[in-house]
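The next block holds one structure in the form of structure tokens; read it before the comments.
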Amino acid sequence: MRQIKDNISLASLIAKYTRGALSEKESMELEKWIASSESNNALFNKLTGNTLSNIKHRKTILESANKEMVWNKIESSLRKKKRTRIISVLQVAASILLIVGAFTLVLINKNPYSIMEKTSGKVVISKNLSPTLITSDGKAFSLDKKIKLSHQNVSILNNNKKLVYEKSTQAVKPVKATYNTIIVPKGADYKLQLADGTEVWLNSDTKLKYPSSFQGKNRKVYLEGEAFFDVTKDKSHPFIVNVNDVNVKVLGTSFNVNGYKDASEITTTLVEGKVKVESNVSKSSRIILPNEQLVFNTKSGDYIKQKVDTRLYTAWRNGRFVFCEESLEDIMRRLSRIYDIEVFYMHKEVKNLKFSGDLSRYKDIEKIFEMLEVTKKVKFSKKNNTVIIESL
Amino acid sequence: MIFNKRNTIERFRNGDHKAFRALYDTHFDSLYLFGLKYIPSQDVVEDIVQESFIKVWERRDDFFDEPSFKSFLYKSIRNSCLNYFEHKKVKDKFINYQKIIFGGESFFNDSIIEEELNQIIANTLNELPDASRDIYMLYLNGLKNQEIADDLGISVNTVKTQKQRANKFLRHRLIEIVSILTCILQ
């Protein structure tokens, strides 16, 4: 680390020297460095001595370089490689192909997003368990049925898999915020519209605690699980999602937060806008921009940021189950939330097999198993809610 | 300008040959000269640079910005040069000595600093209008403002203004060296 900083300030000093822009202090610093070793001295002289002749010399060498010819060789090499790569991918793909007749065709290749969909299959979510709404006074309502409640100045409507909060126009004086909780069980998903118009899609096995109306400076909600937010813009009232002591702070934006209780990572994926992720414990924060994803590890306190194709992480909203070169273990973990199953592996090696796919969330998980079995690498057996996986 | 660079890398990642060509054009010079520091043979270095660009293309998914792109190329070229020494069947004590010097971190870092600086200076000179360029060249030869003014028959104020213009370019480019070194030394 120290070496990096030294090299950096060094290059800066030398460049300043060539511009004649060194301060007294900097001048002394540079002289000190030059004097400290023979190689430093030599390097300095080399870099600055006779710069004009350096420039001319450099130009001469470059003139005799075959820049264009080298590029031509590179380009023709690229074309050749393209052809051979396609051939070998097909050979590899033969063992990891997911073909489902009239459904979805998936190939493992460099661009997993060029996946073709040949179906008009509808999205159906299984399970009898319905999401539950728990109001601040402890009353529980099953969201299977239509509800119409009037709570203080807010009316709550539930129709067609969506819960909408509307501020009643007769609101006179601000009332203390009361919190409601929505519990979405495994195998279900739900959509909610908050009092400020913010839309929230809740994935399986997720809990969201939110105020029926927003009071005060911040708009704060508490999440356990996975949700996608489309936040109404309001610069003066930042929207904050609290997940496990991590605050995801936004102004007006679309993003996905994944923070299941059993996982040690909180993943925030940003589609539009700007988001700041802060940890209450480590008192550090990061800002993410569109198409970036931040993974915060609650155990180590580390942040990892990377660019992603946000569709991979938000496809669940559209009733699709998308995975890209994901291990069977991770795929099964996700499926167990959607379908409420328990997974056992007969052969441990199977856990690390990688698959890519873009599938509808089917009524029966057996359909997904069928597709994975086409690869002839795994075999699934299901009894009640238990799934046993063995290798072939 | 920074926005443009971001676009180029993104297009490169998506397999755009034109973007790759643009990156090649921008970075060939410094990489080629860097290679020559290790192996003073233009033919050999041209082959090595060619191979390294092909490698970087194959791994294009790994790069999100130009510094990391450039660091990879520097490392790749260095490694190829060192391999070249390994395979050279010359039973010469000198070859071993070469391996020691060229194999070292400080040679690597110093060479990068040198070539990046040279590139900066060359770019700055190219981008400067004729008047500023003459002044800047005299600068590089250690002349003071008054001396330059006298030499070119212009006012000291003009000299100062043209100085500022050149400095602005330099400043932007320095940030690039910093980024590259940071990437390499991680």
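Order of the sequence lines fixes the chain letters, A, B, ..., with proteins taken first and strands second; residue numbering starts at 1 for each chain. Source: prediction; values computed, not measured.
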Between [X] and [Y], is any pair of side-chain heavy atoms under 4.5 Å apart?
| X | Y | answer |
| --- | --- | --- |
| Ile54(B) | Lys73(A) | no |
| Phe20(B) | Leu78(A) | yes |
| Met69(A) | Gln50(B) | no |
| Arg13(B) | Lys307(A) | no |

Task: Proximity breakdown for Asp25(B) and chain A, heavy-atom pairs closer than 4.5 Å - done: both

Open item on the list: Applying the side chain to side chain contact (heavy atoms under 4.5 Å, CB included) criterion to Val70(A), which one of Phe53(B), Tyr32(B), Tyr24(B) satisfies it?
Closed with: Tyr24(B)

Task: Ile304(A), CD1 atom: more than 12 neighbouring heavy atoms under 6.0 Å - done: no

- [ ] Tell me, yes or no, whether the heavy-atom count around Lys55(B) atom NZ, taken from other residues, nucleotides or ligands under 6.0 Å, exceeds 12.
- [x]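 Yes, enclosed.
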
Task: All salt bridge (charged side-chain N to carboxylate O under 4.0 Å, His left out) counterparts of Asp16(B), not counting sequence neighbours - done: Arg11(B)

Open item on the list: Once rounded to the nearest 0.5 Å, what's the spacing between atom CG of Leu62(A) and atom CZ of Phe28(B)?
Closed with: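 That separation rounds to 7.5 Å.
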
Open item on the list: Keeping Glu46(B) on the side-chain end and Asn66(A) on the backbone end, is there a donor-acceptor pair under 3.5 Å?
Closed with: yes

Open item on the list: Looking at every non-hydrogen atom in both residues, tell me the closest pair between Ser64(A) and Gln42(B) and how far apart they are.
Closed with: OG-NE2, 3.1 Å

Task: salt bridge (Lys or Arg N to Asp or Glu O under 4.0 Å) contacts in which one or both residues fall within residues 61-70 of chain A, not counting sequence neighbours - done: Lys67(A)-Asp29(B), Glu68(A)-Arg21(B)

